[in-house]
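Remember, it's 1-based here, ligands and their atoms both numbered in the order they're listed.
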Amino acid sequence: MNFDFDTDTEEMRAAISAFARDKLPCPDAFDPVAFRERWLLAGEQGVVGTAVPEAYGGLGLGAVTAAALMEALGHGSEDTGFAFSVAAHLFACLRPVVEFGTEEQKRHWLPRLSSGEWIAAHGITEPEAGSDALALRTSAKLRGDHYVLNGGKAFTTNAPVADLFVVQAVTDPSAGFFGLTSFLVEAGTPGLRVGRPYDKVGLHGSPTADVYLEDCAVPADHVLGTEGGGAAVFSASMAWERTCLFAAYLGAMRRVLDSTVEFAGLREQFGMPIGGFQAVSHRIVDMTLRLESARLLLYRAAWGLDRGERDEVAPGLAKLAVSEAAVQLGLDAMQIRGALGVLSGEAETLLRDALPARIFSGTNDIQKNNIARALGLGPKRRVRRR
Ligand SMILES: Cc1cc2nc3c(=O)[nH]c(=O)nc-3n(C[C@H](O)[C@H](O)[C@H](O)COP(=O)(O)OP(=O)(O)OC[C@H]3O[C@@H](n4cnc5c(N)ncnc54)[C@H](O)[C@@H]3O)c2cc1C
């Protein structure tokens with residue numbers, strides 16, 4: 001067992017952290033033009049295609065190193081929303097193309113998605129189908145050499161800026177788990193429309209919107225994987241997302257923890273730094289414990305992905321630990337800053353950015369359901385086989 005990154009990874013982490021600090025300051029408001037410029041810069045650094053093989057324009061990195069670079073991105077910039085957008089693009093869209101795409105699909109889409117030229121969005125959630133992903137209503141019907149998609153997606157990260165959508169639709173309503181199919185749909189395809197960006201509590205640097213599909217004709221060779229294989233594509237992408245995406249939060253937590261320690265050493269009350277009071281120092285120890293233990297779980301999950309493990313437990317535990325630690329660390333960092341903590345700043349930003357992390361990639365309740373099921377507990381998944 002080795003807890004050190006190799007020299008190359010350490011150098012890449014330092015470069016990405018410095019890039020994020022210098023080039024990705026927190027924007028006051030979301031601006032699609034500025035977002036695209038930042039995305040291209042991130043593409044030049046290789047950040048948006050880390051886990052894509054070099055043959056298709058990526059850096060060819062495994063999950064541990066991709067997570068290490070995502071952690072560096074989250075550490076360098078306070079704009080966790082931007083890091084979240086990059087991670088959603090990379091782990092929920094590009095990785096499925098790497099794993100399930102045909103050679104032609106990979107050659108056609110991955111280079112421009114890895115370079116920063118194109119941005120991807122992944123849509124499974126619908127207004128009536130959130131945690132219950134098998135309740136999707138978006139349908140795809142084969143008509144000659146096209147599928148015709150009708151329905152809509154909700155809460156789609158990157159939708160307002162996306163060039164390519166990975167969309168889950170029902171091709172066989174009677175087949176349950178085996179009735180979903182993944183499609184690659186380019187922006188500008190007639191019948192695909194994106195709604196107005198949401199106004200969220202946090203992650204302001206990441207645009208989210210609804211996607212509407214009305215008689216949207218998608219060529220049959222834009223199916224990702226096989227017809228009926230959509231749930232398998234989705235599960236594989238979630239293993240990467242629940243692991244590597246959350247590394248951005250580890251970086252953000254480290255940055256806020258470090259500045260909190262500094263603050264506790266400088267702020268004086270009753271004639272001494274507040275860090276000298278046990279109530280404050282123990283709170284900081286608890287913050288450190290949460291961050292370090294969540295970090296170990298995350299890298300354990302990434303290590304498993306690199307070894308080809310495909311269980312739901314390790315990524316689920318990583319997602320649970322990191323998201324809960326981030327919320328609590330944000331609260332603690334605000335508390336230690338006193339009134340200054342409730343002003344705009346990195347503690348309240350972390351808290352606002354951390355709250356959605358308990359919801360996306362499957363809520364924390366759903367992670368517990370999945371883990372319980374893997375332990376042989378809880379209700380069985382509704383699986384209807386052909
Ligand atoms: C910032 C953000 C970005 C997102 N990006 C994307 C994206 O890019 N693509 C995409 O497809 N989706 C995205 N989502 C949507 C996200 O995946 C869903 O919000 C999530 O799956 C939960 O669905 P829901 O919001 O409909 O909640 P619901 O499923 O309605 O759940 C409501 C509450 O009930 C609980 N609950 C529901 N069922 C159970 C159960 N069986 N056991 C225990 N508790 C249960 C949930 O835990 C939750 O607390 C995003 C969400 C957010 C917040």
Side-chain angles (χ1 to χ4, degrees), residues 30 79-96 119-138 151-170 180 182-183 185 187 194-195 197-213 224 230-231 233-242 244-246 248-249 312 315-316 319-320 323-324 326-327 349 351-373 377-382:
F30 180 76
D79 188 358
T80 305
F82 185 80
F84 171 70
S85 269
V86 168
H89 155 97
L90 178 55
F91 302 120
C93 303
L94 275 61
R95 277 303 311 177
I119 300 171
H122 173 263
I124 182 163
T125 305
E126 298 180 358
E128 285 82 25
S131 301
D132 188 2
L134 296 188
L136 294 190
R137 293 184 182 178
T138 297
K153 297 292 163 186
F155 278 99
T156 311
T157 298
N158 293 343
V161 290
D163 304 286
L164 183 71
F165 294 82
V166 179
V167 174
Q168 298 281 353
V170 179
L180 303 188
S182 302
F183 294 89
V185 189
V194 176
Y198 299 157
D199 186 9
K200 305 189 297 297
V201 63
L203 298 173
H204 293 155
S206 173
T208 320
D210 293 337
V211 178
Y212 305 95
L213 297 154
L224 179 59
V233 172
F234 176 64
S235 298
S237 68
M238 282 303 106
W240 276 81
E241 183 171 299
R242 286 171 191 155
C244 298
L245 181 151
F246 286 83
Y249 283 99
E312 287 189 304
K319 195 266 170 177
L320 270 172
S323 59
E324 295 295 348
V327 170
T349 302
L351 179 60
R352 284 188 295 96
D353 289 343
L355 290 170
R358 299 201 295 196
I359 308 290
F360 59 68
S361 306
T363 70
N364 286 4
D365 301 314
I366 295 301
Q367 302 310 317
K368 289 182 184 174
N369 289 354
N370 292 346
I371 295 165
R373 196 174 48 242
L377 304 166
K380 295 274 183 281
R381 195 205 291 259
R382 282 182 290 137

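Closest protein heavy atom to atom 52 (C) of ligand 1: Phe360 CB, 3.8 Å. Looking only at heavy atoms of the protein, atom 39 (C) of ligand 1 is closest to Ile366 CD1, 3.7 Å. For atom 24 (P) of ligand 1, the nearest protein heavy atom (residue, atom name, distance) is Gly130 CA, 3.9 Å. Protein heavy atom at the shortest distance from atom 17 (O) of ligand 1 is Thr125 OG1, 3.4 Å. Looking at atom 36 (N) of ligand 1, its nearest protein heavy atom turns out to be Ser131 OG, 4.3 Å.
The pair Arg95-Glu241 does not count as a salt bridge, with every side-chain nitrogen at least 4.0 angstrom from each carboxylate oxygen. Salt-bridge check for Arg358 with Glu324: passed, with a basic side-chain N closer than 4.0 Å to an acidic carboxylate O.
For Lys200, the NZ atom is densely surrounded, since the number of other residues' heavy atoms within 6.0 Å is greater than 12.
Using modelled atom types, one side-chain atom of Arg352 and one backbone atom of Val201 make a donor-acceptor pair closer than 3.5 Å.
With a heavy-atom cut-off of 4.0 Å, Asn364 does not touch ligand 1 at all.
One option in Thr208, Val166, Asp365 has a heavy atom closer to atom 35 (C) of ligand 1 than any other, and that option is Asp365. Between the choices Leu203, Asn369, Ile359, Thr157, the shortest heavy-atom distance to atom 5 (N) of ligand 1 belongs to Thr157.
Less than 4.0 angstrom separates atom 11 (O) of ligand 1 from at least one non-hydrogen atom of the protein. There is no protein heavy atom closer than 4.0 angstrom to atom 32 (C) of ligand 1. Shown here, atom 50 (C) of ligand 1 is in close reach of the protein: a heavy atom of it lies under 4.0 Å off. Within a 4.0 Å radius of atom 29 (O) of ligand 1, the protein contributes at least one heavy atom.
Considering backbone and side-chain N/O of Thr156, none are found under 3.5 Å from N/O of ligand 1. In terms of polar-atom proximity, Phe155 is counted as a contact of ligand 1, with an N or O under 3.5 Å from an N or O of the ligand. Close N/O approach between Ile124 and ligand 1 is found [any backbone or side-chain N/O within under 3.5 Å].
Every atom of ligand 1 is numbered from 1 in the order shown, and the set under 4.0 Å from a heavy atom of His122 is 7 (C), 8 (O), 9 (N), 10 (C), 11 (O). Near Phe84, meaning under 4.0 Å from one of its heavy atoms, ligand 1 places the atoms 3 (C). Ligand-side atoms of ligand 1 in range of Thr363: 22 (C), 46 (C), 47 (O), range being under 4.0 angstrom from any heavy atom.
If you check the side chains of Gln168 and Thr138, you find no donor sitting under 3.5 Å from an acceptor. For the 3.5 Å distance criterion, the side chains of Ser323 and Asn364 qualify, holding a donor opposite an acceptor.
Inter-residue side-chain proximity for Ser182 and Pro96 is flagged as unmet; no heavy-atom pair is nearer than 4.5 Å. Within the 4.5 Å cutoff, the side chain of His122 has no heavy atoms near those of the Thr157 side chain.
Using a 30° and 60° split on the angle between ring planes, Phe91 and Trp240 fall in the parallel class, below 30°.
Aromatic pair Tyr198/Phe30: ring centres not closer than 6.0 Å.
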Go through it in stages, so that I can follow the logic: the residues are Val185 and Leu164, the test is side chain to side chain contact (heavy atoms under 4.5 Å, CB included), and I'd like the CA-CA distance, side-chain angles, deciding distance and then a yes or no. CA-CA 6 Å; Val185 189; Leu164 183 71; 5.9 Å; no
